[in-house]
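Below, chains carry the letters A, B, ... as their sequence lines are ordered, and counting in each starts from 1. For the numbers below, each heavy atom of this structure counts, side chains included, while hydrogens, waters and symmetry mates do not.
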Amino acid sequence: MVEQPFIRIQDLTKYYKGSSDPAIKSITLDIFKGEIFGLLGPNGAGKTTTISILCGLFPPTEGMITINGLDIKSDLQGIKRIIGVVPQEVALYPTLTAMENLTFFGNMYNLRGKVLREKIMERLIVFGLERFAKKKVDTFSGGMKRRLNLIAGLLHEPKVLFLDEPTVGIDVQSRIVILDYLKALNKQGTTIIYTSHYMEEAENLCSRVAIIDRGSIISIGNPKELVADHPEFKNLENLFLYLTGKELRD
Amino acid sequence: MFKFLFAVRKEGLLLIRDKAGLAILFLMPSFLIILMSLLQEVGWGSYVKESKVPILFVDNDRDSLSLKIRKGLNDSQFFTIIDSLGSAPLTKESAREAVKRGKYLIGIVIPKGITRSVRTNVRIMVAKTLAGFGLINPVMIKDIPFNAVDTVTIFFDPTIKPSFKNAVLSSIREYNYRNENEMVFRTFNQEMSKQFPMFKPPEINYNKGMEFKEVFPSERTIEKTPNTVQHNVPAWTIFSMFFIVIPLTSSLIQEREGGSLFRLLSLPIPYILVLLAKSAVYLVVCMIQCTLMILAGIYILPLFQVPMLVIGNQFFPLALMAFATSLAALGYGLMIGTLSTTHQQAAGFGSVSIIILAALGGIWVPIYLMPGIMRHIAIYSPFNWAISGFYSVFLRGGSFINILPEFFKLVAFFLGTVLITFVYRKFKSPIKK
């Protein structure tokens, strides 16, 4: 039996108001349950736009998206209940404590009381933040904020987790903790869609990657197989540079 | 419902964490009320109240007209007559110089012989009238011309308020008319006595005229004379309440720029819930602000020898007006916060537009003093609706029914601004590309 895609994207196009060039054009993509799927591309390639549309932050100009069989146009709230989002920026309230931030976001997913407190403490322990539960976020280091940002997106145990450059600008230790946790989460069945500029990280983490440039997918597949298909490049980064060029991007 | 309450809790926590902001939010408006009421009461109020305005009085006439004007000004208790500077008696030139240099606001110069000229003219006028009745031979007065009457010169400081200048002029004119009246009656009496020596004219108080009673109609059983506090406290309360726009827009933009909005929009909740929760918290802030400012009017202003604010017993209409004004301010804040892309834009446009709307709405200058076109514009300012409602309660003892038109206009303004916010948000994503 052919496996049904968990996320189906068909002919996805997005024009921003006032722009004649599409931010993404005619992207068609299937992502399967249990995958860690990497969206890779230079700045302005369309990664964040794709993730934002998938999260329902703004509508596509054209195209169709279904997640777990739910159409994004007709059942957006249903989709929002099963997805978790970890934005590129630290999307937390700096003057609230870690506990207050997580409690608020948990509450918004109908989590309350003891169950929520246990979930929060469990994750704070995993990410080494339990001692800082009652500290305000603006006293946290960059790595601590990133870890907390990740916890806020997965308290409700989403079926699919969108991560937009979750490891940017943090120390190696924090990065290892985050990546290990994502792998563990994926083993439990969570589908992960992830964008990054770190090719080595993507190569090790992702079961499949799509390289996007100027709004279009230019290559897609298992990272190791992609490199193997191009023996002249020794790793994903070299292949990426070959496919997207060395020209500086805005 | 629970999500809404949790969102309100989060907004409340965010607000109380900003201690300095909170102090500014509550203390600054109260300070503004006290300051503005004091300035208005002691500044403009002084013209018409306790501290007398000194008037330079150059009396070159020393006859009944100048005596009447001097007595009238003295008796009014608004002015202090000054007729010498240092040891030197005042002259027209020295009075002019003193006003020119801004040392005094007003100088009055009564020219020499003005009473005599007026008196002569009155006699001629009376004689002509009696000649018309055949009591005097018309040939005797036929060619007697009226005297040219010198003018009373009044020097005004250029900074003087036109309304005050007009009040002074009216007073002097009134003293002059009284004097002329008296002259006319006396002259008639004298002439009639000559014609009919067997009769003695009765002693009459020539100044006994019409009297006026000032009444300020209101719904209250005890009529109260309005004072500047009754005007100032509601005016500056509304002004301060609208400044909630600044922290509200700042909160919205901070959420957007900090990235929290990205996560908020990805949550399985309608965005209106986020905005309503924010509005609920700031609504409470506005209501507390309003309460504090009214309390400042009642308890703090009297400490500065300023009359106490009298709010009467119409608490329900007052609470409704505070609620509706808060809603209007919040709606305006939500709209500005959504339409602005940066903190600078929101703060700049927000504060300047509030000042413009306040000026148009009659917060600084009463609408009846505005030019025609401005008066038409003013009736569309939410500040005008708010202040009309508050005046209705504070000055006229207005009931629930009396404030309903203003209440509904303010609520409609809130709904209108929220609608604009949502329409704009629907078509323009707040998330950066």
Original post:
Can you name the one residue among B:L264, B:L13, B:L14 that meets side-chain contact (heavy atoms from CB on, under 4.5 Å) with A:F104?
Top reply: B:L264

Original post:
What residue, out of A:R112, A:R81, A:K14, A:Q88, has the most heavy-atom pairs lying under 4.5 Å from chain B?
Top reply: A:R112

**OP:** Measure the spacing between CZ of B:F4 and CE of A:M108 and express it to the nearest 0.5 Å.
**Re:** 10.5 Å

Original post:
Charged N to carboxylate O under 4.0 angstrom, A:E100 versus B:R17?
Top reply: yes

Original post:
Got a sec: does the NZ of B:K3 have more than 12 other heavy atoms crowding it under 6.0 Å?
Top reply: yes

Original post:
Side chain, backbone, both or neither: which part of B:E255 has a heavy atom under 4.5 Å from chain A?
Top reply: side chain

Original post:
Does atom CE of A:M64 have more than 12 heavy-atom neighbours from other groups under 6.0 Å away?
Top reply: yes

Subject >> Heavy-atom neighbours of B:F323 CZ exceed 12 at 6.0 Å >> reply: no

**OP:** Would you verify whether the NZ or CZ of B:R263 falls within 45 degrees of the ring axis of A:F105 while also being under 6.0 Å from that six-membered ring's centre?
**Re:** yes

Subject >> Exercise: identify the closest heavy-atom pair between B:K10 and A:L96 >> reply: CG-CD1, 3.8 Å

**OP:** Give me the contact list for residues 134-156 of chain A versus chain B, heavy atoms only, anything under 4.5 Å, ordered by residue number.
**Re:** A:K136, A:N149, A:A152, A:G153

Original post:
Would a 4.5 Å heavy-atom cut-off, applied to side chains only, mark B:I269 and A:K80 as touching?
Top reply: no

Subject >> Rounded distance [0.5 Å steps], CZ in B:F262 versus SG in A:C55 >> reply: 5.5 Å

Original post:
Out of A:P87, A:G56, A:G46, which one racks up the most heavy-atom pairs below 4.5 Å with chain B?
Top reply: A:P87

Original post:
Checking heavy atoms, do the side chain of B:F6, its backbone, both or neither come under 4.5 Å from chain A?
Top reply: both

Subject >> Minimum heavy-atom distance between B:S266 and A:Y109, given as atom pair plus value >> reply: O-OH, 4.0 Å

